[in-house]
Number of protein chains: 2
Amino acid sequence: MITLSEENYLKCIYRLGQDKGQKITPTAIADSLGNNPASVVDMIRKLTEKQLIIYDKKKGVELTAQGQKDATLIVRKHRLWEVFLLEKLGYHWDEIHDIAEELEHIKDDSLADRLDKFLGFPEYDPHGDPIPKANGKMPKRYSTTLADVKAGGFCRVAAVKDTTSSFLQYLQKLDISIGTKIQLIEKISFDGSLVISINGAEHKTVSQKFGESLLIDI
Amino acid sequence: MITLSEENYLKCIYRLGQDKGQKITPTAIADSLGNNPASVVDMIRKLTEKQLIIYDKKKGVELTAQGQKDATLIVRKHRLWEVFLLEKLGYHWDEIHDIAEELEHIKDDSLADRLDKFLGFPEYDPHGDPIPKANGKMPKRYSTTLADVKAGGFCRVAAVKDTTSSFLQYLQKLDISIGTKIQLIEKISFDGSLVISINGAEHKTVSQKFGESLLIDI
DNA sequence: AATAAAAATTAGCCTTACCTAATTTTTATT
DNA sequence: AATAAAAATTAGGTAAGGCTAATTTTTATT
Ligand SMILES: [Mn+2]
Ligand SMILES: [Mn+2]
Ligand SMILES: [Mn+2]
Ligand SMILES: [Mn+2]
């Protein structure tokens, strides 16, 4: 049996693994979970014993096939529950993540598949993140950010890279959601600020950090 | 903050309190949860400190007003989730209890009310147990059992007193569910066995234990 | 009232999952 | 290569929530 903490570590390692090429170190995991590196070292030992990860000083932490499978299922459940909370229970964008953080740990062999069917097999969660399929396959994940768009270019908001309440509430205030059309008017070379037009409305300026947190489809 | 274990103890004490007149002792709680009485004594200390229960050697364990409120909310969530699992995800009668046992602990202020609304404010869970209302009120709970019916009498199955898979699967085999009409043909005085007719079908014999596990409406 | 049985409590121990502080190892920088 | 800084690890500790075994208290039975 896999515990709730072990599941959270697996999910964290899985997420860190998305930034390809980056080695997953104990400190990276500690930072990501807000835990102490010493605690991470303890858990690395446990997950290694359970054969869910392999830890090599040179290569860092890597998920085994089983670890990958377990992590993917947790992510699948997390994202499906987010769709449920938003679409069926009427929660807002910025309220669902924390609840899904708990729901993702509910254990039942057929739960994810039943939920998936009930929701109509959604491909993306409300933040635009791809929902792993029952077979482990994953819909395309967007990687271009608003900051990558060249001046004058148009794009469509595909996903958010940051799911904090503060970012999501800011987006709401700016009237931006998944699917919104944005034109990048100008890049300020001084600090990377971006002048944009949201759905053709008047020009607004946002920070570089903002631009890098918004994933888009060109 | 109230922990998962504390919640399970509160719910257990709440349930034991339904059998009115019965004093709630550490051993009763231990038996009900499958824990050791020593562990129960530890938890009684913790819940007393948190002012969720009062323990008096003479009167046994009793919920405080706050304890009662907390326990009722857990029961409300448990039963609402059971309705969701059965009606929306298509689980069977005997599969939902264990999953709801986990779901009942998901913490969010508006979750129970949103789920209640989404499900159409159901009054009873799939086992016929009343779902506490948002205001704490409780629909009528059935207390007469099939074993209390007099020979020749008709009744309607209102709830199950036992939610074990073995009982629920047996009911399924007998084609009995909530709402089924039963006529009690005869009581065998030797061992309390009951001869019944289910929905007017041919006579069948069930045990006294069976009769005492089925709550009915006359 | 004396005794036996049952219930409750205490003492001491275990595991999980965290922590801080100290130490060792690795990586960068001069 | 020497040194400083950063990262990783070890050592030792805590709180929650269990356990068993021993002891004390309460309740029943003679
Ligand atoms: Mn989680
Ligand atoms: Mn999401
Ligand atoms: Mn529970
Ligand atoms: Mn039920």
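Throughout, protein chains are lettered first and strands after them, A, B, ... in sequence-line order, and every chain is numbered starting at 1.
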**Q** Just by distance, no angles: are the side chains of B:N35 and B:Y9 close enough, under 3.5 Å, to form a donor-acceptor pair?
**A** yes
**Q** Tell me, what's DNA chain C's dot-bracket, Watson-Crick or G-U with both distances under 3.5 Å, | for other-strand, [ ] crossing?
**A** ||||||||||||||||||||||||||||||
**Q** Is B:K88 close enough and on-axis enough to A:F84, meaning under 6.0 Å and within 45°, for cation-pi?
**A** no
**Q** Rounded to whole Å, please give me the gap between NZ in A:K50 and C1' in C:dT15.
**A**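 Interatomic distance, NZ of A:K50 to C1' of C:dT15: 12 Å.
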**Q** To the nearest Å, give me how far apart CD1 (B:I24) and C1' (C:dA7) are.
**A**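 Rounded to the whole Å, the gap is 16 Å.
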**Q** With no hydrogens and no angle check, do the side chains of A:S39 and A:D42 hold a donor and an acceptor under 3.5 Å apart?
**A**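 The criterion, which ignores hydrogens and geometry beyond distance, is not satisfied for A:D42 and A:S39.
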**Q** Can you spot which of B:R76, B:K11, B:K77 makes a side-chain hydrogen bond (donor to acceptor under 3.5 Å, both in side chains) with B:E104?
**A** B:K11
**Q** Would A:I74 and A:N8 count as a side chain to side chain contact (heavy atoms under 4.5 Å, CB included) here? Give the steps.
**A** CA-CA 9 Å; A:I74 303 163; A:N8 282 335; 5.8 Å; no
**Q** Check the pair B:I2, B:K107 against side chain to side chain contact (heavy atoms under 4.5 Å, CB included), reporting the backbone distance first and the verdict last.
**A** CA-CA 10 Å; B:I2 184 162; B:K107 275 176 198 55; 4.1 Å; yes
**Q** Are any of the side-chain heavy atoms of A:V160 and A:L214 separated by less than 4.5 Å?
**A** yes
**Q** For A:H97 and A:H127, take the angle between the two ring planes, folded into 0 to 90°, and tell me which bin it lands in: parallel under 30, tilted 30 to 60, perpendicular over 60.
**A** perpendicular
**Q** Using every non-hydrogen atom in the two residues, find where B:P130 and B:P139 come nearest and quote the distance to one decimal.
**A** CB-O, 3.4 Å
**Q** Using atom names, set out every protein N or O paired with an N or O of nucleotides 22-26 of chain D below 3.5 Å, distance rounded to 0.1 Å.
**A**
none

**Q** Walk along nucleotides 13-19 of chain D from 5' to 3' and tag each nucleotide B, S or - by protein heavy-atom contact under 4.0 Å, base first, then sugar-phosphate.
**A** ---SSSB
**Q** Apply side chain to side chain contact (heavy atoms under 4.5 Å, CB included) to residues A:L111 and A:L80 and explain how you reach the verdict.
**A** CA-CA 10 Å; A:L111 186 54; A:L80 286 170; over 6 Å; no
**Q** Nearest whole Å is fine: how far is C:dA17 P from A:H105 NE2?
**A** 12 Å
